[in-house]
Each structure stands twice: as C-alpha cells, then as structure tokens.
Amino acid sequence: MTLRVYDTRTREKREFSPLNEGRVSMYVCGITPYSPSHLGHARCYLAFDLVHRWLEASGYEVDYVQNFTDIDDKILNISESEGVDFSVVSNRNIDDYFEVMDAMNVLRADHYPRVTETISEIIDMISKLQEKGHAYVGGDGVYFEIDTAPEKYGQLTGQTLEMVRAGAGGRVTDTGSGKRDHRDFALWKLAKPGEPFWESPWGDGRPGWHIECSAMSLNHFGEQFDIHGGGHDLRFPHHEAEIFQSECCTGCEPVVGYWMHNGFVNVDGEKMSKSLGNFWTVREAFENYTPLALRYALLSIPYRNPIDLSPEFLEDARMNYERLIEAYGVSLSSDSDSGTDLSEASQRITDAMNDDFNSRAAIIAIQEVVSQYSGRDIATWLEHYAGEVLGLLPSSEEMLAGRARADSARAKVTDKVEALLNEREIARQSKDWNRADEIRDELTSMDVIVEDGPDGPTWRLA
RNA sequence: GCACGGGUGUCGGAGUGGUUACGUCGGGGAUUGCAAAUCCUCUUACCUGGGUUCAAAUCCCAGCCUGUGCUCCA
C-alpha cells in the first residue's frame, strides 16, 4: 500500500505524490512565542514530527520549515508590561519551545525562519500584490482586497463569500478603520507610537499575521510546495489568507499540494485555550508524566481526531508506555537470538502509517509485539518502529543509564531485603501468615514489591 | 445563523459494506496461605428515523445532540 494523505482542501485521502520525485517540501505553522508552549502546541508538533519521521522512513528527503511569529500584539503587550524588548519575550519562549519539544523527541525542522528576519521578503511580496492590484493602502496599513480574487474563497472551510459577507452571524460589524471590507486582512500594519517597527514603502510598521507564512514558503520552496500543516483552527482565516496571498502573488496554483490540519486537545470537551483558562503548559504536564509518556499519549490518537484530556486517558497511556519501556529494557539486556519473525507486525505498522499516518494503529501493533514476545530479541525491531518511526524510545544509552541507576538503587537495599525475605520464608514455612504478611508490609513501605512465584519469592522496587 | 467535524461497549478509544479492534473496568477460572504477577475465559457496542443493498454500525437523506471555525489561537 502506498502512502495516502488526507487533504483538507479536497476533503479526501489522496495518494501522496510530491512535486519532485523522492523529495518533500513541508511547511508547518509554528508558534507565536508569547507564552510557554501548552499541550495543544505539543500535539501539533508531535503530529508533524510523526509525518516528518514517516516520510523519511519511507525514503523521502524532507525539507521541513517551521516559522516563529516573533513579533505580534500579544508579545508586545507582554514586553511592555515587563518593560523589556519584545525579543526578550519571544526568545525566552522559543527557548522553552525547543526544550520541551526536544524532551519529547521532536526532531528539529531544517529551518526555523522568524518574521523579524524575513521582513524584506515580506515587503517584496506585498509590493508585488500591490502592483497586481490585490492590495491597497488603508488608513492604518496595507490590506489584501478579497474582492480581487473571490473565486479563491472557502477552499479550506467551504464558506462562501456571501456567508462571510453577511457578517459572521452578525457578530462582525467593525470593518476596521482602514479596511474597505471586513473580510480584507492586513498585510502591513503601521506602527503605533512606541511600537517596534521596520521601514517600508508604506511607512514604518510591521507585517500582518498571514503574510509571513506566504513569504517564507515562497522564499524556501518557491511557488508551490507539498505539505502545509498546522492546527485545525488555522484553516480560516490564516490558511485561506495564505492561499490568496501566495497564489495572487505568483499566479501559480495550487500553492499547496496537501493541507494537513491536526485536531485539538480538549479539556472536558472544550478546546484547550488561553482564553478559557483550561490549558496546561507542557512543563506542567511534565510534572506528572514523563515527556515520552506524554508523547505516547498524544500520538495514541490519530492526528486529525480531537483528544479529550482526562486522567483516565493519560493514565492509560502511561501504563501502556511503561509496558513498552519495560519490554525494551528487558530485550536490550537479553542476548537471546531466537530469530523472532516480526514481519507481519512490521507490515501492519507500515499499512497503518501509510493510511494517513495512523499512529494509533501503529502503536497497537507495537504493543501486541510487546505482550506477545516479551523477553525475546525484539530490541532492534523496537528501536526501528517504536524508536525511529514513532520516536517513543529513549536512546539505548539513556536506557542503559536508567537501568544502571535502577541497579544501584537495588544494590543499596539488597542485603536488608534479602534478610527480611529469608525471615519471611521461615515464617511462611511454619505457616505463620501474620508474621509473613507483616514482613511484606514492611517491605512495601520500603517501596519493595514482593511476588511469590513457584521458585520462591522475587522482588523489585516500585 | 452559515461552514466543517464527531456521536461506538463501564470507561478511554480505533476501524470497517458481511469475519476478535486494542486497552481499561467488572464477572468467572487456573495458579496462590493470602496478595501480586501471569495465563485462560465471559458480559456490556456501534445516536434516532427513513433509504440503497443479498448484506449497513459502516454508504445516502433527514433529524437530534455535541465540538470547532466565522475574532487572536497549534
């Protein structure tokens, strides 16, 4: 089976066929770094990390670009309230982004362009749009005029011009001081007093939100590229604005081969968002779940479906993840070569991933191998599928270091535990169950779990 | 209001025109002094109403419920 990818624009899974044989150009909308990353961000970049990994595992050479919107109203508000330059705020949150994503095994993109480093390309693009009659200068900036390309409306959301002209259910009444029509969107915003600005033919100011992605993708990939990703909420207006800008600027369509949008992270059925105050930052989540257990949880649902975060959901994922790690650790230290044939499981994972990156089906195939072949020589297989493809495994060095730590922790209490276990065995032989259970309770309080097997008791640390 | 998703068993949650999802929880059993672990096994499904079909939970239509977008948002 060949790779099939769901495209938001055509609303169907289509066989994946990049513009250039063997190479994939992929652009994913990055964060606006005005606050630490939350789990919604994690879900998005985990999802596209999976796409990145699978394309590479399938033999494609992937050129992956992800931007940072490092100048924006919210960043300016924060920098003003803190009395620092806006770059202090954005750099701080970009650092946070990389730290938490690295911890979750998110591979780095090839390029991370920033708005503030793309100003001249943005100005070129706006100038060209103005030359072609798609942009006009309004009172407080330069705007894209929707009416110059009405046929491009609604490609990602199915909305027609008339619907939105009607005014979003009557809620949009303000057309903005400089717009001809409320559907027009800003390409360049003139600076207010005290705001950072860049010089432009239209006056000092900064780019509108949508134009950066068009300018960056044009800059890196040219007029067309293969995959454009982002959160579901970016379909409109952000991504539709990009279609307007890019295609009207170059005259080439479609600008994007496959539009991919990941589903939301919800809490109690509602979208996790700053305005609802129901978000967890990734770091907060790390307090309760290890980064890779969190990765497991967020990849255990296909990327297009919403995830409703609940304690049950996360605990379930944690438990299953620990089984995987335990099995990997055991197989790493076992040197038995039993020639286990895992080709059927491999094929199931390939089929799952080729079906629009179905990571859940792939994870289930891995867990079945884990439960079926535990203790066998599956380390190499796990390293490929659970490690390289799904990014779920720590490096073998980390695994071995972790086991070394566990061994030394075990060594510290071994003498005492063995002594207590001996005493308990004597009690058990004389059927003094009260004394035996008392000793087991004592061991439990030392975080030692005792398991009586047919060959006598074994123990491990909790 | 309009657009686009989703409604599955105790719960979480895939998938699918006819055949076990998976995990969890619960019941029963093996093993066990008890417990744990392990193994076996069972029960509880596909929102409602129509339609297409030999066959629909799966496709189509309508309805209901719910989420998201239409404003900054991954």
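Being a predicted model, the structure only gives us computed values, none of them experimental. Only heavy atoms go into these numbers, but all of them, side chains included; no hydrogens, no water, no symmetry mates. Residue numbers start from 1 in every chain, and the chains themselves are labelled A, B, ... in the order their sequence lines are given, proteins ahead of strands.
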Item to check | A/F68 and A/F98: CA distance, side-chain angles, deciding distance, ring-ring contact (aromatic ring centres under 6.0 Å, His included) verdict | outcome: CA-CA 12 Å; A/F68 285 116; A/F98 280 127; 5.6 Å; yes
Checklist entry - Between A/T32 and A/D72, does a side chain to side chain donor-acceptor pair (under 3.5 Å) hold up when you go through it step by step? => result CA-CA 8 Å; A/T32 300; A/D72 146 275; 5.0 Å; no
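The listed nucleotides are B/G15, B/A74, B/U24; the one nearest the side chain of A/M319 is B/U24. Nearest to the side chain of A/R360, among B/G13, B/A74, B/C72, sits B/G13. Checking B/A74, B/A35, B/C70 against the side-chain heavy atoms of A/C44 singles out B/A74 as nearest. In the set B/G12, B/A74, B/G33, B/A74 carries the atom at the smallest distance from any side-chain atom of A/H41. Checking B/G33, B/A74, B/C70 against the side-chain heavy atoms of A/D452 singles out B/G33 as nearest. The listed nucleotides are B/G33, B/A74, B/A14; the one nearest the side chain of A/R424 is B/G33. The side chain of A/N262 lies closest to B/A74, out of B/A74, B/G23, B/A21. Taking the side chain of A/R323 as heavy atoms from C-beta on, and the options B/U24, B/A74, B/G13, the nearest nucleotide is B/U24. Of the candidates B/G13, B/C72, B/A36, the closest approach to any side-chain atom of A/D308 belongs to B/G13. Checked against B/A74, B/G23, B/C34, the side chain of A/H38 finds its nearest nucleotide in B/A74.
Here A/R9 lies out of heavy-atom contact (under 4.0 Å) with every strand. Residue contacts shown for A/I364 include a base, since a base heavy atom lies under 4.0 Å away. As judged by a 4.0 angstrom heavy-atom cut-off over every strand, A/V28 is placed among residues making no nucleic acid contact. Here A/I301 lies in heavy-atom contact (under 4.0 Å) with sugar-phosphate atoms only. Backbone-only contact: A/G230 has heavy atoms under 4.0 Å from sugar-phosphate atoms and none from a base. Using a 4.0 Å heavy-atom cutoff across all strands shown, A/E368 reaches sugar-phosphate atoms only and no base atom. Note on A/D437: a base of the nucleic acid sits closer than 4.0 angstrom, heavy atoms only. At the heavy-atom level, A/R304 lies nowhere under 4.0 Å from the strands shown. A/R235 comes within contact range of the sugar-phosphate backbone alone, with a heavy-atom separation under 4.0 Å but no base atom that close. At a threshold of 4.0 angstrom between heavy atoms, the contacts of A/E270 are confined to the sugar-phosphate backbone, with no base atom among them. Residue A/F264 is in base contact, counting any heavy-atom pair closer than 4.0 Å across all strands shown. Nucleic acid contact for A/G263: base, since at least one base atom lies under 4.0 Å from a heavy atom of the residue.
Rounded to an integer number of Å, the gap from A/F313 CZ to B/A14 C1' is 12 Å. A/H232 has its NE2 atom 6 Å from the C1' atom of B/C4, to the nearest Å. In this structure, A/N278 atom CG and B/G67 atom P are separated by 13 Å, rounded to whole Å. Between the CG atom of A/D181 and the C1' atom of B/C70 there is a distance of 14 Å, given to the nearest Å. One interatomic measurement links the two molecules: OH of A/Y6 to P of B/G15, which rounds to 13 Å at whole-angstrom precision. One can place CG of A/D351 at 14 Å from P of B/G15, the figure rounded to the nearest angstrom. To the nearest angstrom, C1' of B/G12 lies 11 Å from CG of A/L314. Per the geometry, CG belonging to A/D73 stands 16 Å off P belonging to B/U71, to the nearest Å.
When the C1' atom is compared between B/C46 and B/C11, the two are found 16 Å apart, to the nearest whole Å. One C1' atom belongs to B/A55, the other to B/U68, and the distance between them is 36 Å to the nearest Å. Comparing the same atom, P, in B/G17 and in B/G13 gives a spacing of 22 Å after rounding to whole Å. On the C1' atoms, B/U43 is 7 Å away from B/G27, given to the nearest whole Å. Separating the C1' atom of B/A57 from that of B/C70 is a span of 33 Å, rounded to the nearest Å. Taking atom C1' in both B/G9 and B/U44, the straight-line distance is 5 Å, to the nearest Å. A gap of 15 Å separates the C1' atoms of B/A56 and B/G15, to the nearest Å. Taking the C1' atoms as reference points, B/U8 lies 6 Å from B/A45, given to the whole Å.
Remark: B/U10 base-pairs with no nucleotide in the shown strands. Criterion, Watson-Crick or G-U wobble with two distances under 3.5 Å. Pair assignment for B/C46 gives none, since no Watson-Crick or G-U wobble pairing has each distance under 3.5 Å. Base-pair partner of B/U66: B/G5 (Watson-Crick or G-U wobble, both distances under 3.5 Å). In a base pair of the Watson-Crick type (N1 to N3 plus N6-O4 or O6-N4) or a G-U wobble (N1-O2 and O6-N3), with each distance short of 3.5 Å, B/U19 is matched with no nucleotide. Within the shown strands, B/U38 is the pairing partner of B/A30 under the Watson-Crick or G-U definition, both distances less than 3.5 Å.
Residue A/T8 forms a side-chain hydrogen bond (donor to acceptor under 3.5 Å, both in side chains) with just one option from A/H261, A/H232, A/H239, and that option is A/H261. Results of the side chain to side chain contact (heavy atoms under 4.5 Å, CB included) test with A/F185 over A/E145, A/K179, A/Q245 single out A/Q245 as the only residue that passes.
Here A/R435 pairs with A/E438 in a salt bridge; the nearest charged N to carboxylate O distance falls below 4.0 Å. A/R180 has no carboxylate O lying under 4.0 Å from a charged side-chain N of A/D147, or vice versa, which leaves the two without a salt bridge. Between A/D73 and A/K189 there is a salt bridge, since a side-chain N of the basic residue sits under 4.0 Å from a carboxylate O of the acidic one.
When the nearest nucleotides of RNA chain B are assigned to A/P306 and A/N320 by heavy-atom distance, the more 5′-ward of the two goes with A/P306. Mapped onto RNA chain B by nearest heavy atom, A/D233 and A/V450 fall at different nucleotides, with A/V450 at the one closer to the 5' end.
Per the stacking criterion (ring centres < 5.5 Å, plane angle < 30°), A/W433 stacks onto the base of B/G33.
The cationic group of A/R440 does not satisfy the cation-pi geometry with A/W459, failing either the under 6.0 Å distance to the six-membered ring centre or the 45° limit from the ring axis. A cation-pi geometry, defined here as NZ or CZ lying under 6.0 Å from the six-membered ring centre and within 45° of its normal, does not hold between A/K152 and A/F244.
At B/G15, one or more side-chain N or O atoms of A/N358 fall inside 4.0 Å of OP1 or OP2 (strictly under the cut-off). Regarding contacts with the backbone of B/G69, a side-chain N or O of A/K271 is found under 4.0 angstrom from either OP1 or OP2.
Checked by atom type, the side-chain pair A/N278/A/E270 shows no donor-acceptor distance below 3.5 Å.
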